[in-house]
Amino acid sequence: AWIILYQQELIRSDTPAHALVETTLIFALSQIVVVLSSPLAGRLFAEGMVRSMIIALISLAGSFALLGAYVSGLVDPWCIVGFGILTGAYRAFYSTPLALMRTDLTISASLVETVIGCIPFVAGMWLAQGNLSLVLFAAAGVAIGAIMPLLRFEAYERFEWTYRETFGMLLEPIHRRFVLQGVVRGIEGAALFVLWPLFLFIYLMPDFAVLGAVFTASILILLALRNLSHRGHAVRQPVLASAIVGGAWVARMTPAGPLAAVIAQAVGGIPQ
């Protein structure tokens with residue numbers, strides 16, 4: 001979605017720098033929404049975590065549909081602000097319930113995970129044929145359809161802090177290490193899921209089909225590595241693990257082509 005947004009802004013402005021700045025600003029907006037909405041999402045947990053996740057999936061579907069409408073020329077360009085807001089709302093209302101209910105929600109079937117891993121390649125083939133809005137509307141439909149399996153689960157948690165107390169707690173010395181870890185993970189997540197794909201698309205592979213193939217290959221390799229970690233073949237030494245992660249990021253910033261990009265992603269995903 002972020003690559004499609006960048007491409008559309010590039011078409012509209014005809015300036016790569018301007019398109020990249022606008023895409024970055026919308027992403028920053030989505031992250032601000034995550035921070036400001038998370039305490040509000042927490043208030044819903046006592047009434048059911050699944051309710052929060054349903055709100056999140058509706059927000060995700062709305063974000064994809066809005067971006068699809070923008071690509072189709074059905075709405076004005078300023079509507080990309082709504083895309084950023086809805087994307088942030090999805091993260092705020094979905095991430096915590098997913099983390100707390102992960103054990104119940106995890107898909108264990110290798111065949112299902114493999115099929116899911118092939119989705120980037122299929123989507124890339126569609127996008128390469130110019131079906132940008134079709135893929136986005138299909139993604140919106142998948143998000144809505146994902147609500148149905150959730151209805152068989154439920155969990156409840158109490159979130160005791162008020163809205164102001166939540167942000168006050170972020171400044172408490174006892175939480176400083178936890179907050180710092182969260183910031184570092186957020187930066188890495190932004191780099192991994194937004195900046196690196198944009199880097200690949202802009203400088204190396206401005207082809208959706210190739211990009212989809214790269215991400216599918218990476219996912220399948222990471223699934224295999226995860227299975228190895230379950231069998232006890234994970235990297236246990238902290239120094240070695242840090243060196244692997246750091247080296248992978250250096251490789252990501254200097255890949256020579258699709259195969260190098262897959263290898264960099266696979267090395268970065270070696271189970272820790």
Side-chain angles (χ1 to χ4, degrees), residues 1-12 19 23 26-27 30 33 50 52-95 97-98 105-107 109-152 189 192-194 196-198 200-201 205-220 222-223 258:
W2 295 105
I3 293 175
I4 292 174
L5 176 60
Y6 166 80
Q7 187 188 54
Q8 293 305 301
E9 292 306 294
L10 180 61
I11 293 174
R12 189 166 66 91
T23 303
I26 296 299
F27 179 76
S30 73
V33 172
V50 169
S52 176
M53 298 178 81
I54 291 174
I55 293 174
L57 288 170
I58 293 174
S59 298
L60 180 64
S63 70
F64 286 145
L66 198 56
L67 184 59
Y70 171 51
V71 171
S72 301
L74 301 177
V75 295
D76 294 330
W78 62 266
C79 286
I80 60 173
V81 174
F83 165 76
I85 292 173
L86 290 173
T87 301
Y90 157 70
R91 290 288 304 278
F93 283 83
Y94 197 87
S95 297
L98 177 63
L105 298 174
T106 297
I107 299 175
S110 298
L111 178 59
V112 175
E113 291 183 328
T114 301
V115 171
I116 292 175
C118 293
I119 289 177
F121 176 70
V122 175
M125 295 297 292
W126 280 8
L127 292 170
Q129 298 173 14
N131 299 319
L132 276 67
S133 58
L134 177 61
V135 171
L136 290 167
F137 290 138
V142 170
I144 293 297
I147 293 174
M148 299 304 296
L150 285 176
L151 299 179
R152 56 183 291 207
L192 183 60
F193 295 109
V194 179
W196 189 60
L198 280 174
L200 290 177
F201 184 77
M205 293 170 266
D207 186 313
F208 284 112
V210 176
L211 198 62
V214 166
F215 279 102
T216 284
S218 301
I219 291 172
L220 296 180
L222 291 175
L223 288 175

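Every value quoted in this text rests on a predicted model; they were computed, and no experiment measured them.
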(request) Could you list all the side-chain hydrogen bond (donor to acceptor under 3.5 Å, both in side chains) pairs where at least one residue sits in residues 125-140, not counting sequence neighbours? (result) S72-S133
(request) Report yes if some heavy atom in the side chain of Y70 is under 4.5 Å from a heavy atom in the side chain of F83; otherwise report no. (result) no
Could you work out, with side chain to side chain contact (heavy atoms under 4.5 Å, CB included) as the rule, every residue matching [X], not counting sequence neighbours?
X	result
L10	Y6, P16, A19
F121	M125, A213, T216
V50	I54, M101, L150, F153, E154

Residues 58-68, side-chain donor-acceptor partners within the protein, below 3.5 Å, at least two apart:
from	atom 1	to	atom 2	distance (Å)
S59	OG	I55	O	3.0
S63	OG	L60	O	2.6

Any idea which heavy atoms bring [X] and [Y] closest together, and the distance?
X	Y	answer
A69	F137	N-CZ, 3.7 Å
R152	P149	CG-O, 3.0 Å
L132	Q7	CD2-OE1, 3.1 Å
G117	P120	O-CD, 3.2 Å

At what distance, to the nearest 0.5 angstrom, does [atom1] of [X] lie from [atom2] of [Y]?
X	Y	atom1	atom2	result
L57	I147	CG	CD1	5.5 Å
R91	T87	CZ	OG1	10.0 Å
E113	L220	CD	CG	10.5 Å

(request) Let me see the working for L127 and I4 under side chain to side chain contact (heavy atoms under 4.5 Å, CB included), right down to the final yes or no. (result) CA-CA 9 Å; L127 292 170; I4 292 174; 3.8 Å; yes
For residues 73-81, dump all side-chain donor-acceptor pairs below 3.5 Å to protein atoms at least two apart in sequence or in another chain.
from	atom 1	to	atom 2	distance (Å)
D76	OD2	W78	NE1	3.3

(request) Evaluate the ring planes of F208 and F201, with Trp represented by its six-membered ring, and classify them as parallel (under 30°), tilted (30 to 60°) or perpendicular (over 60°). (result) tilted
